[in-house]
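Working notes, structure below.
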Amino acid sequence: MARLTDEAQWIVMMGFIVSITIFILAIIIGESALIGKTTSESVLEFSKADVQDLRAEIMTLKDKGILYGNPIDKSSVLEDISNLSLQRRNAVVYVTNWTDKIEHMRYIYIHFNNGITDYNEVYDEYDY
Amino acid sequence: MVDGLGQLYTIEGVAAGILMVFTAYLVISSTTVITPQDIHIIDLQLEQLGNDALAILDTPDSLGEKSLLQRQIENDGGNAFGENFSRIINSKVNPLEVDNLKFSAILYYRDISSGNTLSIPINNSATYLREKAVKVKRWVYVNPVPPCSNPFGLNTRNQTVLVEVLLWRG
Amino acid sequence: MSKKRKLSRESGQLSIDFLVGFTIFMIAFIYVTMMMSGLLINFMSRTVDYDAVAYRTGVILVEDPGEPRYYIGTTNNWHLLDLSIPAERDSLKRLGLSLQRLTPGYLQQQKIDKFFTFASSSACSNVDALCYPRDYQEKLIFGDYPYYFNISLRYLNNPNIRYVGEIPPPKYGYIRRVAKVKQPGASMELNVTNWTSQNVIIRMDFSQLYRISNPLYRIDPLNEKITILLRNFTIPNTMMQNPPFVYVYPSSGGAPTPLMVPVDSPTILVYDSTGSRCASYPCLMSNSSYITVEEGFFKRIRFDEYSLIEINMTFNQPVSDGSPYIFDYSTASLPPPETAVIEVKIW
């Protein structure tokens with residue numbers, strides 16, 4: 001027959017230890033502030049506008065014929081883009097184009113790298 | 001054997017259980033954690049709107065025409081650009097509401113004789129007094145040969161210039 | 001005789017009292033551990049998400065052509081689906097308003113019209129309209145949580161607002177976008193001359209029209225309507241004798257095949273001197289007459305981006321010199337694109 005002795009007090013002591021641990025855990029968590037990347041930081045970091053704008057400008061130059069006309073004009077315009085990109089957008093931009101006369105296709109290669117985003121595209125269209 | 005004596009282990013076990021559950025309840029209902037405010041949402045909204053507005057002003061009305069931005073840079077100065085840009089960024093769907101965004105636009109171009117990148121202001125709607133602002137940019141193709149009046153003093157050749165607009169909520 | 005057994009320190013038995021007490025303790029301990037592992041779940045808040053969801057919805061609306069989307073060589077386009085057929089409603093995956101994937105920021109008017117055609121959930125199953133709010137939540141906003149939304153659009157020079165959704169509460173996630181909307185419908189002004197022929201022939205070479213890579217400026221007879229204005233009638237009482245004929249040139253060359261214009265829509269409509277539709281032929285012409293090729297007519301008779309066709313109209317007086325009037329980018333023009341502001345509110 002069990003009596004009131006000191007033997008069972010280790011159960012209550014285990015209970016006490018667990019409770020105190022919970023309190024300490026709560027104090028530690030209360031000291032913390034959740035950090036992480038918010039959605040808008042990630043969106044701002046990806047330079048969607050830079051890539052879309054560069055593509056739109058190269059397509060404008062293509063439609064106006066600059067890429068297929070006077071080579072001095074073409075190289076000065078493309079160098080404008082490269083220089084201004086490096087100075088104002090911190091991005092390396094390289095654009096080149098060529099024509100495949102056998103398959104009647106025109107190609108434009110666009111390279112953009114601003115250290116966080118690296119974009120490469122080969123755009124092709126039929127050479128009428 | 002059931003008798004009048006309170007059972008030792010059972011009582012201790014129940015006491016310990018009650019103690020733990022009560023502590024857990026107390027802790028969970030009182031702890032708070034500080035989460036960071038998402039202050040960049042405003043930047044995101046402004047930047048997207050500014051890029052949209054510049055794209056609209058750089059779209060010509062029909063094939064082969066010049067866009068408003070191109071005509072302003074080659075020939076007309078910056079006033080119409082400023083009015084249209086301000087109107088587009090401040091328009092809301094409710095036609096009676098007007099937003100309160102301000103801008104300041106600068107043109108960056110490459111001078112082929114010196115090789116330097118130079119800048120010249122185009123237009124602004126208010127002086128920038130160090131508010132929280134975002135910068136949006138757009139490439140514009142221009143060719144300011146005569147008879148264009150070239151009000152910004154660019155090289156008279158085919159070139160691409162960069163329009164940078166600082167945008168803030170005023 | 002019940003002899004009480006003595007439990008000494010070396011005996012290996014545990015009393016029931018101990019077992020019960022320890023069991024109660026262990027159950028309580030396991031319950032508390034489960035509760036503590038959920039400590040951080042209470043601090044997940046939904047308010048930050050709304051702006052991000054609004055931004056993503058804005059991007060899908062303005063920069064995505066939707067799914068199924070159109071590209072040269074197909075007849076897909078989600079605004080052409082008949083949503084009263086369940087299989088077609090299922091094939092609609094994403095509601096995007098953009099003209100084309102490679103040119104974000106240019107919207108298509110027909111997609112905008114289809115987007116704002118909706119019916120409530122109870123009344124939308126056999127109707128060619130989007131289900132509100134289910135289709136918008138599943139095909140535009142996405143996510144497991146059923147967000148409330150309000151999407152509205154207005155052209156900058158027009159006070160009419162088109163919207164879908166409810167009135168928002170004081171706090172909501174928000175994004176505002178501005179985009180250009182292509183106004184469909186190219187038109188050409190055709191001046192008749194009183195030479196020898198009583199026929200007016202309009203030639204359309206679709207392969208020339210579809211060469212333009214920028215869809216904002218592309219004349220698109222397969223998907224948009226065409227208007228031809230007939231002007232310069234100098235001889236009074238000039239009448240169109242019959243409904244127009246369409247001649248199809250086969251791609252391999254050779255003689256063209258005539259096709260009669262059908263009576264029901266979509267078809268070619270002729271408008272007479274008073275500006276109303278020609279009810280019977282011969283039909284009186286004047287300097288306010290015009291013909292309209294309705295949207296979808298060329299697709300109905302199975303033309304594609306490489307067809308070469310002529311529209312032939314016969315009159316009772318000399319109207320041309322017999323050579324065809326060419327319909328291309330030098331003679332026809334598109335209306336300028338309109339600017340629209342779009343607001344997305346999510347809560």
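Naming: A, B, ... by sequence-line order, numbering from 1 per chain. Only a predicted model underlies this, so the values are computations on that prediction, with no experimental measurement involved.
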*asked:* Do the side chains of Lys132(B) and Asp43(B) get close enough for a salt bridge, i.e. N-O under 4.0 angstrom?
replied: yes
*Against chain C, work out which of Pro60(B), Ala16(B), Ala55(B) has the most heavy-atom pairs shorter than 4.5 Å and name it.*
Pro60(B)
_Nearest non-hydrogen partners of Ile60(C) and Phe142(C), listed with the distance_ = CD1-CE1, 3.7 Å
*For chain B, which residues from residues 98-105 of chain C have at least one heavy atom closer than 4.5 Å to it?*
none
*Identify which part of Glu338(C) has an atom lying under 4.5 Å from any heavy atom of chain B, answering side chain, backbone, both or neither.*
neither
_Contacting moiety of Leu216(C), where chain B heavy atoms sit under 4.5 Å_ = side chain
*Proximity breakdown for Asp99(B) and chain C, heavy-atom pairs closer than 4.5 Å*: side chain
*Among Val21(B), Ile88(B), Thr59(B), Asn94(B), which has the most heavy-atom pairs under 4.5 Å with chain C?*
Thr59(B)
*Residue of the set Ile342(C), Ile151(C), Asp113(C) for which side chain to side chain contact (heavy atoms under 4.5 Å, CB included) holds with Arg162(C)*: Asp113(C)
*Would you call Leu153(C) and Glu343(C) a side-chain contact if the rule is heavy atoms closer than 4.5 Å?*
no
_Looking only at heavy atoms and a cut-off of under 4.5 Å, which of Ile89(B), Val14(B), Asp52(B) has the most pairs with chain C?_
Asp52(B)
_Aromatic contact between Tyr147(C) and Tyr145(C), with the criterion being ring centroids under 6.0 Å apart: yes or no?_
yes
*Counting only heavy atoms closer than 4.5 Å, note whether Tyr106(C) contacts chain B via side chain, backbone, both or neither.*
side chain
*Proximal component of Ile212(C), with respect to chain B [non-hydrogen, under 4.5 Å]*: side chain
*Against chain C, work out which of Asp61(B), Val93(B), Leu63(B) has the most heavy-atom pairs shorter than 4.5 Å and name it.*
Val93(B)
*Using non-hydrogen atoms only, which part of Tyr55(C) is less than 4.5 Å away from chain B: side chain, backbone, both, or neither?*
side chain
*Could Glu74(B) and Lys66(B) be called an ion pair, given the rule that one side-chain N must be under 4.0 Å from one carboxylate O?*
yes
*Any luck finding a side-chain donor-acceptor pair between Gln70(B) and Ser67(B) under 3.5 Å?*
no
*Is the distance between the ring centroids of Tyr50(C) and Tyr174(C) under 6.0 Å?*
no
_Which atoms of Ile161(C) are under 4.5 Å from chain B, going by heavy atoms: the side chain, the backbone, both sets, or neither?_
side chain
_Looking at every heavy atom in both Ser91(B) and Arg176(C), which two are closest together, and how far apart are they?_
O-NE, 3.2 Å
_Test item: Tyr141(B) and Leu69(B) side chains (from C-beta on) under 4.5 Å apart, heavy atoms_ = no
_Atom pair OH (Tyr132(C)) and CZ (Phe118(C)), whose distance is rounded to the nearest 0.5 Å_ = 7.5 Å
Review item, side-chain donor-acceptor pairs of residues 203-210 of chain C, under 3.5 Å, at least two apart:
unit_1	atom_1	unit_2	atom_2	d
Arg203(C)	NE	Glu310(C)	OE2	3.0
Arg203(C)	NH2	Glu310(C)	OE2	2.8
Asp205(C)	OD1	Ser207(C)	N	3.3
Asp205(C)	OD1	Ser207(C)	OG	2.9
Tyr210(C)	OH	Asp220(C)	OD1	2.3
Tyr210(C)	OH	Leu222(C)	N	3.2

*Picking from Leu44(B), Thr23(B), Leu19(B), Ile18(B), which has the most non-hydrogen pairs under 4.5 angstrom with chain C?*
Leu44(B)
*Let me know which of Leu46(B), Asn51(B), Leu49(B) forms a side chain to side chain contact (heavy atoms under 4.5 Å, CB included) with Val134(B).*
Leu46(B)
*Presence of salt bridge, Arg177(C) and Glu63(C), under 4.0 angstrom*: yes
*Just checking heavy atoms, which of residues 178-189 of chain C are less than 4.5 Å from chain B?*
Val178(C), Ala179(C), Lys180(C)
*Could you check if a side-chain atom of Ile228(C) sits within less than 4.5 angstrom of a side-chain atom of Phe327(C), using non-hydrogen atoms only?*
yes
*Indicate yes or no: does Lys225(C) engage Glu295(C) in a salt bridge with an N to O separation below 4.0 Å.*
no
*How about residues 101-122 of chain B versus chain C: which residues have heavy atoms under 4.5 Å apart?*
Leu101(B)
*Under 4.5 Å between any side-chain heavy atoms of Tyr155(C) and Asn160(C), yes or no?*
no
*Could you check if a side-chain atom of Phe115(C) sits within less than 4.5 angstrom of a side-chain atom of Leu140(C), using non-hydrogen atoms only?*
yes
*Can we call the ring centroids of Tyr128(B) and Trp168(B) under 6.0 Å apart?*
yes
